[in-house]
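Written below as structure tokens is the structure these notes are about.
Owing to the predicted nature of the structure, the values given are computational and were not obtained by experimental measurement.
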Amino acid sequence: MFGTKDLFVKSGKVHDTVSQQSGEKHEHITPHHFLYRLFKQSKQVSQIIAYIWRWADAIDNPKKDIANKLKEYFINPTDDLDHPGGKLEKLLKADPKNSDPEAKLLYAVFFEDSSSDNKDLLFPMFSDDECDCYSFQINVNSFDGKLCDPTPNDPGIIAYNIPYPPRPCIGETTVTEYELEQWIKNRDKKKSFADNPYIPTTCS
């Protein structure tokens with residue numbers, strides 16, 4: 001969950017920052033809208049991480065290749081020193097309807113199981129305006145995500161910290177393969193974070 005007691009205030013700051021970055025007034029879009037959007041974004045990021053953890057070590061399963069390709073975006077989120085997190089940003093702003101490599105990876109995570117109700121999924125997960133105001137960062141030391149306020153050095157940038165800790169050993173005392181699979185498939189609009197605390201969560 002985001003490490004803050006004023007998440008609603010944070011959503012208001014996201015609203016204001018996006019408006020400033022885009023040069024447009026979003027009078028019809030309230031901080032409530034951004035809070036709801038924030039929950040959807042962070043849930044889907046958590047489901048991507050769950051997919052990696054479930055399938056990266058699979059044997060004789062085509063999902064293994066997908067999971068390991070996805071893993072690279074979290075292990076090496078930057079491919080341009082002038083744009084920290086730029087590689088990960090490509091994944092987070094991809095649209096599964098397209099044919100680029102990132103889009104195909106997201107399609108495998110969210111649309112391969114045709115039995116799921118996918119109408120409420122958010123794609124692209126992050127808009128261009130949001131990507132302009134976020135700095136995507138990976139935190140390998142936590143299971144909880146965090147939004148950080150802009151600083152005087154970067155007044156228009158909100159640090160969006162995504163948890164990607166080492167995966168715990170799969171088992172009944174931590175997290176099971178079944179729990180990971182169920183979270184990946186979860187489409188409950190009222191469910192924004194996994195019940196199991198060992199599944200990295202980026203919202204509360």
Contacts of type side chain to side chain contact (heavy atoms under 4.5 Å, CB included), residue Arg167, not counting sequence neighbours: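 Trp53, Asp57, Ile170.
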[X] [atom1] to [Y] [atom2] distance, which is reported to the nearest 0.5 Å:
| X | Y | atom1 | atom2 | value |
| --- | --- | --- | --- | --- |
| Ser192 | Tyr36 | OG | OH | 8.5 Å |
| Lys185 | Gln47 | NZ | CD | 12.0 Å |
| Leu121 | Phe123 | CG | CZ | 5.0 Å |
| Ile49 | Ile162 | CD1 | CD1 | 6.5 Å |
| Phe111 | Lys97 | CZ | NZ | 8.0 Å |
| Asn161 | Ile138 | CG | CD1 | 8.5 Å |

Short question: side chain of [X], backbone of [Y] - any donor-acceptor pair under 3.5 Å?
| X | Y | answer |
| --- | --- | --- |
| Thr176 | Gly171 | no |
| Asn196 | Thr174 | yes |
| Ser42 | Leu38 | yes |

Kindly give the heavy-atom pair with the smallest separation between [X] and [Y], and that separation in Å.
| X | Y | value |
| --- | --- | --- |
| Ala94 | Ala103 | CB-N, 3.9 Å |
| Ser127 | Glu130 | N-OE1, 2.9 Å |
| Leu105 | Lys69 | CD2-CB, 3.9 Å |
| Asn118 | Phe110 | OD1-O, 3.1 Å |
| Met125 | Leu91 | CE-O, 4.3 Å |
| Ala67 | Ala56 | CB-N, 3.5 Å |

Can you confirm whether [X] sits close enough to [Y] that some side-chain heavy atom of one is under 4.5 Å from a side-chain heavy atom of the other?
| X | Y | result |
| --- | --- | --- |
| Leu122 | Lys43 | no |
| Lys87 | Thr78 | no |
| Pro163 | Asp144 | no |
| Pro150 | Ile158 | yes |

Identify whether Val109 and Ile75 are in the same connected component of the hydrophobic contact network (ILVMFWY, side-chain heavy atoms under 4.5 Å).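 Shared cluster, yes.
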Between Trp183 and Tyr178, is there shared hydrophobic-cluster membership here, with clusters defined by ILVMFWY side-chain heavy atoms closer than 4.5 Å?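 Looking at the clustering, Tyr178 is in a separate group from Trp183.
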Just jot down the side-chain hydrogen bond (donor to acceptor under 3.5 Å, both in side chains) partners of Lys90, sequence neighbours excluded, or say none.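 Asp79.
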For Asp95, check side-chain hydrogen bond (donor to acceptor under 3.5 Å, both in side chains) against everything at least two apart and list the hits.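 In terms of side-chain hydrogen bond (donor to acceptor under 3.5 Å, both in side chains), with neighbours along the sequence ignored, Asp95 is linked to no residue.
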Just to verify, what does [X] make a salt bridge (charged side-chain N to carboxylate O under 4.0 Å, His left out) with, not counting sequence neighbours?
| X | answer |
| --- | --- |
| Glu181 | Arg54 |
| Lys71 | none |
| Lys93 | Glu89, Asp128 |

Can a side-chain donor-acceptor contact be found between Ser135 and Gln137 if the only test is distance below 3.5 angstrom?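 A pair is found: one side chain offers a donor N or O, the other an acceptor, under 3.5 Å apart.
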Scan side-chain atoms only and decide if Glu179 and Tyr198 contain a donor-acceptor pair under the 3.5 Å cut-off.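 Side-chain D/A pair, Glu179 to Tyr198: absent.
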Do Phe193 and Phe39 have ring centres separated by under 6.0 Å?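 No: the rings miss the under 6.0 Å criterion.
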One pair to check against side-chain contact (heavy atoms from CB on, under 4.5 Å): Lys64 and Trp55. What are the steps and the verdict? CA-CA 5 Å; Lys64 177 176 182 176; Trp55 298 112; 5.5 Å; no
Parallel, tilted or perpendicular: which fits the ring planes of Tyr160 and Tyr134, with parallel below 30° and perpendicular above 60°?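 Perpendicular, since the angle between the ring planes exceeds 60°.
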Evaluate the side-chain contact (heavy atoms from CB on, under 4.5 Å) criterion for residues Thr201 and Phe143: first the C-alpha distance (whole Å), next the side-chain angles of each, then the deciding distance (0.1 Å), finally the verdict. CA-CA 6 Å; Thr201 303; Phe143 284 83; over 6 Å; no
Ile184, Asn186, Ile199 screened by side chain to side chain contact (heavy atoms under 4.5 Å, CB included) with Ser46, the one that passes: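 With Ser46 as partner, side chain to side chain contact (heavy atoms under 4.5 Å, CB included) holds for just one option, Ile199.
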Start with the C-alpha distance between Tyr164 and Ser142, add both sets of side-chain angles, then the distance that settles side-chain contact (heavy atoms from CB on, under 4.5 Å), and finish with yes or no. CA-CA 7 Å; Tyr164 191 76; Ser142 176; over 6 Å; no
Show, in sequence, the C-alpha distance, side-chain angles and deciding distance for Tyr107 and Glu112, and conclude whether the side-chain contact (heavy atoms from CB on, under 4.5 Å) test is met. CA-CA 7 Å; Tyr107 185 91; Glu112 191 173 79; 5.5 Å; no
State whether the number of non-hydrogen atoms from other residues, nucleotides or ligands found under 6.0 Å of Lys63 atom NZ is greater than 12.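 Yes - once you tally the heavy atoms of other residues, nucleotides and ligands closer than 6.0 Å, there are more than 12.
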N-O pairing of Lys191 and Asp195 below 4.0 Å: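 Counted as a salt bridge, because a side-chain N and a carboxylate O are separated by less than 4.0 Å.
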Under a 4.0 Å threshold between the charged nitrogen and the carboxylate oxygen, would Asp100 count as salt-bridged to Lys104?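 Salt bridge: no.
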